[in-house]
Amino acid sequence: MNIPLRQWLDRLFTSLAMLSVLLIVAAMIGILLPMVWRGGSAVVFRGTVEFRRMQLEQFNRGDSAAVRAEAEDAARIRQHAYEILDRFAAGLDTSELETKVKQLHREFGVQLANREIPQKQLSELRSVSKELRDELLKAFEAEDKTQVLEHLDAVMSHSGDERLKGTVAAEFFDLARQYRDTVANVDLRRRSEYADSLKQVKDAMRSLFGPRPGERLPALPIEQYGSTRWDQAKQNLDKLLWAESWTGSGEGQTLTKSRIPREEQFAGTALAGLFPYVRDNIQGMLRPKWTFYWQYFTDDSMSGHYFGGVGPEILGTLLITMFAIAFSLPVGVVTAAYLVECAGDGWLTRILRMCVNTLAGVPSIVFGLFGLAFFVIYLQPKLGLPGSSSIIAGSLTLGLLVLPVIIRASEEAIRTVPQAYKEASLALGASRFRCFMSVTLPVATPGILTGLILSMSRAAGETAPILFTAAVAMGPIPTSLSQPTRTLSYSSYDMAVGDKMAMLAPHNQFGMVMTLVAIVLLLNIAAIVVRGRMSKKLRGQ
Amino acid sequence: MITQSANLLRTAAKFDRPLLLTPAQDWSGWLLGKTGRALLMIITGTSVLAVLLIFVFIVREAWPFVQAHGLGEALSSTSWYPTRDPAQFGMLALVFGSVQVTFGALLLAVPAGILIAAVLSDIVPFRVRQAVKPIIEVLAAIPSVAYGFFAVAVLAPLMQEHLHLSTGTNALNSAAILAIMAVPTIVSVAEDSLSAVGRELREASYACGATRAETLLKVVIPAAHNGIIAAIVLGTMRAIGETMAVWMASGNAAQIPSPWWDLTQSVRTMTATIAGELGETPVGSMHRHSLFAVGLILLVVSLAMNLFTEYLLHRAKRTSGVHA
Amino acid sequence: MAKDGSQGMSALLEPIALANRSTITLAEDIRADNETLSPVRHNDVMPAIIRAEKFCLYYGVKAGVKDINMDIFPQSVTAIIGPSGCGKSTFLRSINRMNDLIPNVRSEGTLYVNGVNVYDGRINLVNLRQQVGMVFQKPNPFPKSIYDNVAYGPRLQGIRGGRLDDMVETCLKDAAIWEEVKDLLGKSALALSGGQQQRLCIARALATRPKVLLMDEPCSALDPIATSKIEELIVGLKNAYTIVIVTHNMQQAARISDCTAFFCMGELIEYDATNIIFTKPSRKQTEDYVTGRFS
């Protein structure tokens with residue numbers, strides 16, 4: 001090969017290699033950035049007045065008077081929007097009118113029955129009322145404006161009837177008059193279309209502002225509040241302002257999305273005014289404010305992670321991790337000490353080492369299987385505990401999982417303690433045990449600590465071993481070690497795949513994962529810092 | 001005068017503590033040593049015991065299935081319908097899913113891992129290396145469920161949209177995620193073995209006029225081949241044993257895609273099957289036993305790979321010892 | 001000054017050195033004809049505090065030292081010289097059984113310290129090592145504070161409180177480092193200079209109140225100024241301790257020791273008063289070595 005070609009190949013190789021480094025760096029950023037960014041928005045975001053109301057009512061947090069005042073201010077601005085809506089809906093939402101008419105007819109019947117009037121008059125009045133009802137219903141149903149007016153005129157022709165004065169039936173005429181007004185500037189042929197659209201508008205209003213004032217409060221907290229977050233509010237506002245439809249093009253193979261402003265859709269109707277009004281006053285209606293919701297890390301969640309935070313999950317993760325470490329740290333350090341200080345190179349040591357390596361290579365899901373078969377089903381009933389998943393079973397399973405990590409780190413740490421220290425100690429008349437406790441162990445501590453922190457981060461992040469031994473997606477905060485618990489890792493899985501409610505609150509999905517990743521990475525950074533300190537200390541600084 | 005000083009000196013250095021143990025001390029010391037050692041042995045034995053227990057309990061739970069159906073039979077059929085009546089336990093599709101996803105991941109991770117190891121050991125200056133290593137460590141530290149979450153919540157919609165696939169959770173997605181997860185393992189072991197190849201070999205190659213790429217490809221990597229193979233095997237172990245990420249990213253369809261090499265279809269791995277189905281099986285059912293049998297296969301495979309890496313790393317140590 | 005000192009010392013030590021010679025001769029005579037030697041041979045002039053008889057130490061099959069017969073006398077400085085790998089450190093470390101740390105070590109013969117065979121199965125290693133202190137080639141203070149380093153030995157013996165403070169101070173003064181570190185007692189010992197660290201190690205060794213102090217090339221890692229300070233210290237300590245020092249540096253041996261032993265190939269070639277070894281050695285090998293003709 002000639003020289004230029006070889007140099008070119010060399011450069012190609014170098015750039016390929018550098019490219020792979022860049023790729024892996026990009027992968028790290030690409031994975032962490034959305035988690036941190038979107039997860040961070042679970043904690044720092046623009047909270048609306050609905051959020052503060054939810055915090056006040058559900059978590060008893062915040063200045064009650066101020067929040068109430070704020071909510072009232074917002075309600076005052078919202079009121080006008082509701083009025084516009086009502087005015088329009090009255091004419092359009094005929095189902096409501098229909099039931100009203102039917103009810104009026106029934107009430108009139110009851111009223112007549114209570115009055116002492118002759119039988120003949122009674123049946124006459126009944127048939128009048130029935131006629132009025134039917135005419136009105138026909139008017140509500142008709143799509144042609146002239147037909148509507150004909151029916152309404154038929155109703156109004158009875159308005160002079162003296163017998164009906166002062167009775168419930170008089171209200172028929174009010175309804176007819178109202179409807180005439182409403183119909184005046186509505187294109188009735190598009191009524192069914194309006195009805196669908198109106199329902200969407202109403203839904204959007206509800207998701208923006210929650211149930212209407214005076215309405216009966218729904219049972220679920222998730223339905224009691226409007227948009228608690230500004231980003232959510234903006235999405236809902238978009239739904240309010242734009243009508244989206246999927247239309248098939250050609251053979252109906254691909255659906256294309258089209259967006260029409262609702263202002264245009266409802267042009268010429270009373271409702272048209274709603275959209276600019278809401279758009280222009282949305283700030284006042286929701287009053288977004290930057291909120292640092294640090295209680296996210298301590299709050300329990302509500303309505304399946306829609307509201308609230310990850311407090312129980314953090315607690316569960318910490319509990320399981322701590323107990324796992326409490327089991328594996330002493331065992332691991334003692335094993336490491338034995339491997340370095342006592343064992344020679346005999347068959348026993350070789351078997352021990354092989355077992356440690358095997359343990360390190362067992363897939364985490366097999367640990368889960370083992371934990372279920374041994375701790376949960378075999379051991380727990382023998383100890384008088386229920387044979388169901390529990391913190392203690394999960395901790396022991398995780399403890400076995402991280403045992404090789406601790407053994408290897410501790411062995412390395414103890415092995416690298418300079419022989420000179422041990423010699424000095426022994427020469428001063430320390431027994432081997434004293435020598436180990438007073439010199440070797442303290443010098444090895446930072447190394448052991450590094451291993452400890454790393455195995456904590458491993459234990460906190462593992463999911464598969466606790467799937468069947470300790471974790472649940474929903475449940476109360478455990479009060480004893482024989483109960484299962486929620487954990488960050490398992491809830492991250494559940495919220496991403498299993499939990500339908502969580503899909504509605506992506507910021508909480510990401511927030512859960514972010515919390516997990518943050519804990520794990522913080523532990524890793526701590527390990528790196530300890531390692532740095534350790535080498536500094538050994539240099540005598 | 002001299003005698004006097006000698007006498008004076010003679011009194012000064014008296015041994016005041018007995019150099020010999022009394023029988024009681026001797027005996028108690030012996031006892032203490034023995035009990036201490038025994039105690040150490042017991043605690044140390046935990047890892048041995050753990051390995052034994054894992055084998056015993058996995059085999060015990062898998063045994064009824066092996067007896068009733070036989071692993072050979074299970075591994076020759078692709079119909080995995082454990083809840084049908086009669087139930088069918090063909091694990092071939094699951095094994096295939098694991099192999100396909102792992103192989104796909106290795107296809108990406110092995111070249112990338114070795115190249116990165118080469119960059120760290122031979123190409124970049126020390127300071128850059130110190131900056132890149134923590135990034136690799138961070139990638140190794142991110143929990144697998146977070147990778148899975150990324151696959152479902154970020155990668156899957158992107159794939160679905162830009163590659164026009166029917167589903168974003170498929171073999172390709174899992175392979176990509178697994179590749180990212182396997183890279184740190186491969187890099188750290190491969191870099192160790194590349195660094196263990198001494199300066200002398202590199203200098204000899206440069207002295208013959210070889211370029212850096214030639215030195216690496218023709219001299220250093222062949223010299224470090226044992227360590228690099230070990231790195232690949234360890235990466236494979238990481239990928240094949242991974243549960244959460246593949247469970248979330250693979251789409252969970254127990255089928256062999258057609259054509260079989262199509263990575264854009266949903267598959268299901270052995271690990272995901274266990275994770276997904278075990279929770280719903282009653283204690284003592286054949287379905288549960290079959291899942292333990294799947295676990296047994298995983299356990300045996302990982303044990304075999306483990307022994308293989310140990311053998312390789314042992315050999316690598318020996319050969320590099322000869323070079324040094 | 002060092003020269004003056006060594007001259008004065010050799011004059012003072014002449015009788016003792018003579019006595020040494022007689023002891024060695026005596027030992028050789030007895031060894032020739034009987035095996036029922038009493039553990040300690042009382043000599044009219046001075047009893048040996050350390051006595052090796054046919055002492056051998058093997059690393060596996062390789063002999064570290066073989067067939068050593070040697071008496072070391074109290075309140076003197078005994079230097080062991082010899083080429084690298086001659087077994088002088090091995091012998092020194094045999095005295096307080098530091099060689100136990102090395103796997104596959106085996107000993108033969110006897111090595112008496114204060115009349116007790118230290119290779120006896122019933123030996124109290126803790127008491128032995130407390131009373132036979134050791135200073136190593138490389139300064140090896142623990143990565144703890146200066147105070148904790150010195151207090152390490154006394155604490156092992158259960159000494160606490162004010163008495164401990166006093167002991168630390170005394171030992172640091174004895175090791176001639178008190179003035180330099182008295183305000184830094186809480187600081188890490190690793191922050192000291194090499195010479196200071198070595199004197200700290202000496203202070204640490206003194207704190208267990210040893211009777212014998214073994215020094216394994218204590219100055220080899222130090223610069224000349226630190227070396228001269230340590231040498232001064234050794235001479236000063238001689239009055240209260242028995243010091244055995246292994247050294248590479250023949251001038252150092254000549255300056256500070258009373259008796260000198262020459263080791264070669266794991267064997268004791270010659271052992272005599274220092275001035276005799278350096279002026280008129282009886283063996284050719286010794287002469288070659290001390291005059292620098294050794295190859």
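Keep in mind that this is a model prediction, so the values were computed, not measured. Sequence lines set the chain letters: A, B, ... in the order given, protein chains first and strands last, and positions in each chain run from 1.
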Worksheet item: Is the closest side-chain donor-acceptor distance between C/Thr247 and C/Gln252 under 3.5 Å?
Response: yes

Worksheet item: Which ring-ring contact (aromatic ring centres under 6.0 Å, His included) pairs, counting each pair once, include a residue from residues 174-214 of chain C, with sequence neighbours left out?
Response: none

Where does [X] contact chain A at under 4.5 Å (heavy atoms): side chain, backbone, both or neither?
X: C/Lys138; answer: neither
X: C/Phe136; answer: side chain
X: C/Val135; answer: neither
X: C/Pro141; answer: backbone

Worksheet item: Is C/Lys229 salt-bridged to C/Glu231, cutoff N-O under 4.0 Å?
Response: no

Fill in: Pair A/Arg408-A/Glu412, salt bridge (Lys or Arg N to Asp or Glu O under 4.0 Å): steps then yes or no
CA-CA 6 Å; A/Arg408 284 172 176 179; A/Glu412 183 69 21; over 6 Å; no

Item to complete: State whether C/Tyr112 and C/Arg51 meet the cation-pi test: NZ (Lys) or CZ (Arg) under 6.0 Å from the six-membered ring centroid, and within 45° of the perpendicular axis.
Response: no

Practice prompt. Using a heavy-atom cutoff of under 4.5 Å, enumerate the residues of residues 117-127 of chain C that contact chain A, numbered in order, or state 'none'.
Written response: C/Val126

Worksheet item: How would you list, in number order, the residues of residues 148-167 of chain C that have a heavy atom less than 4.5 Å from chain A?
Response: C/Tyr152, C/Arg155, C/Leu156

Item to complete: Please identify each residue that fulfils side-chain hydrogen bond (donor to acceptor under 3.5 Å, both in side chains) with C/Arg199, with sequence neighbours left out.
Response: C/Glu180

